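First the structure, in the form of structure tokens, and then the observations on it.
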Amino acid sequence: MLANPVLGRVHAPDAEYLMRDTTSHPAALAPEYKTSVLRSPRLSKISLQNSLSEVTAPVFDARELGALDNDLIMNAAVDGMPIGERIVVHGYVHDQLGRPVRNALVEVWQCNASGRYRHKKDQYIGALDPNFGGCGRMLTDENGYYAYRTIRPGPYPWRNRVNDWRPAHIHYAISGNGWVQRLITQMYFEGDPLIPQCPILQSVPSEEQVRGLIALQDRSHFVQLDSRAYRFDIVLRGHRATLFENRVQAADPREAAVSARKDNSAKGAKR
Amino acid sequence: MSHQQLLQPIVRETASQTAGPYVHIGLAPQAAGFDIFENNFGNVLVDDKTKGERIRIEGRVYDGIGTVLKDVLIECWQANAAGRYAHPADRQDGKPLDKHFRGWGRACTDFDTGVYSFDTIKPGSVAGRNGRPMAPHINLWIVARGINLGLNTRMYFSDEAEANAKDAVINLIEWEARRATLIAQREERKKGPAVYRFDIRLQGEGETVFFDV
């Protein structure tokens, strides 16, 4: 934090996040997705400028994760391999200005190849797979890169209208470097014919934004005689230095150093 | 090249999608009914050595007709007892970090009762944008089936009336009656730490204030 000769110590964060563009996201109320009707706030949100509460976020350490946490093929295997098509999913987490988001926690979960979740509340007739759990997690590297391997999830019917089917998808929760970057989304697969009919995916307000949720088959990362690969990149809120508000011209680092020395000598004099 | 092309391009944020009914599998697998990770992220933020007053936060989440929701996941993010966040962007002077407190937790509403809870400490006051202290608060993020974009709110403390009255964020809410939706009520129990009750109403009468952050 720089000392400002006029204002004294300034407490606004010296970098902040771009305002969220709400037109990038589904509206809270999406009547075709019936559950949203009673769970969507009706009143306007109160818009806040960033404070330390918004620009900070939990920091995770690789030692908190297990060696198999990003291997959904092996991390719940009991007495054999899970059933289904083996795939690799990989991509980059960037911010809106194109910078890598490093050390972001990426958590993924999904149903198995027959469309069944290992969850005590899932009653779908599709079989559970004793060797498949369906969850994984990893941290992005210094380039914002992540990768995991898994079984391609199946589509499944769900109670919305009586013949609604979810396209095959993998859920993502991403924790970036600021609390405002927190994002939950779902990744879909290129070419799935259920995509245009899904009320959840079609609540996304533009074709461009829907395309952003569809992973592309990526031949460059196929594992020979083993797995196909899919590429899925994620964009989190942009982060930039603030201009003017707390970086006034006099707050040049050299001047700050001078005023810090004055500060210290003043303190010294009091002692 | 046009002037427009010289500007730094801003890419759109990836679209949000609902966490769905099975969010527990990914974020709280033990609640989903199976054990897979060695280290699970949970709703206990403290250990024996964490500094500060132990508190418990408890509440329920209601929909637009007052139904208790039982498939919600809530995360909290808060400063330590000295009022400092465990993050490099927090460079407030004179406030120590506490290596026994990260300040982040994750809770699920109970499948039977709908109650969620956090075991944590009461945070100190953090400096706001203008250098004025913000009243002590805990940031909450709420996701569930039927919520298309995670909801952000703040929980304040009923025994901090003076600080709350001066808080710049609370005062941004022009409808004074709505400010009460952000104040958790302190209850002393015979045994154990004080409990702050914080119910969240997604819609309808008493709708909680949510923030566009």
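Every value quoted in this text rests on a predicted model; they were computed, and no experiment measured them. Naming convention: chains lettered A, B, ... in sequence-line order (proteins, then strands); numbering from 1 in each chain.
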Step-by-step side-chain contact (heavy atoms from CB on, under 4.5 Å) determination, V11(B) to H94(A):
CA-CA 10 Å; V11(B) 184; H94(A) 283 124; over 6 Å; no

Tell me whether [X] contacts the main-chain N or O of [Y] through its side chain, where contact means a donor paired with an acceptor under 3.5 Å.
| X | Y | answer |
| --- | --- | --- |
| R118(A) | I25(B) | no |
| Q209(A) | E13(B) | yes |
| Q203(B) | S40(A) | yes |
| H171(A) | Q17(B) | no |
| Y85(B) | A57(A) | no |
| S51(A) | G128(B) | no |
| Q96(A) | R12(B) | no |

Tell me which donor-acceptor pairs under 3.5 Å the side chains of residues 205-213 of chain B have, and how far apart each pair is, sequence neighbours excluded?
| residue | atom | partner | partner atom | Å |
| --- | --- | --- | --- | --- |
| E207(B) | OE1 | R42(A) | N | 2.9 |
| E207(B) | OE2 | R42(A) | N | 3.3 |
| E207(B) | OE2 | L43(A) | N | 3.0 |
| T208(B) | OG1 | R201(B) | N | 2.8 |
| T208(B) | OG1 | R201(B) | O | 3.4 |
| D212(B) | OD2 | S47(A) | OG | 3.0 |

Heavy-atom distance under 4.5 Å to chain B: side chain of [X], backbone, both or neither?
| X | result |
| --- | --- |
| L105(A) | side chain |
| Q186(A) | both |
| Y33(A) | side chain |
| L18(A) | side chain |
| Y188(A) | side chain |

Measuring heavy-atom distances to chain A, does [X] have an atom under 4.5 Å in its side chain, in its backbone, in both, or in neither?
| X | answer |
| --- | --- |
| F34(B) | side chain |
| A168(B) | neither |
| D35(B) | neither |
| E75(B) | both |
| R102(B) | side chain |
| A86(B) | backbone |
| Q8(B) | side chain |

Criterion side-chain contact (heavy atoms from CB on, under 4.5 Å) on I184(A) and T18(B), from CA distance to verdict:
CA-CA 7 Å; I184(A) 277 205; T18(B) 177; over 6 Å; no

Side-chain heavy atoms of [X] within contact of [Y], under 4.5 Å:
| X | Y | value |
| --- | --- | --- |
| W109(A) | V23(B) | yes |
| S16(B) | L183(A) | yes |
| W179(A) | N152(B) | yes |
| R182(A) | W77(B) | no |
| K121(A) | P21(B) | no |
| T67(B) | L38(A) | no |

Apply side-chain contact (heavy atoms from CB on, under 4.5 Å) to residues R154(B) and L48(A) and explain how you reach the verdict.
CA-CA 11 Å; R154(B) 286 185 176 195; L48(A) 298 188; 4.2 Å; yes

Would you please classify the geometry between the H24(B) ring and the H119(A) ring as parallel, tilted or perpendicular, with 30° and 60° separating the classes?
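Judged by the thresholds at 30° and 60°, the geometry between H119(A) and H24(B) is tilted.
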
So which of S53(A), C111(A), A30(A) has the largest heavy-atom pair count under 4.5 angstrom toward chain B?
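Option with the top pair count is S53(A).
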
Just do the side-chain contact (heavy atoms from CB on, under 4.5 Å) check on H25(A) and N148(B) with the steps written out, would you?
CA-CA 8 Å; H25(A) 301 287; N148(B) 287 328; over 6 Å; no

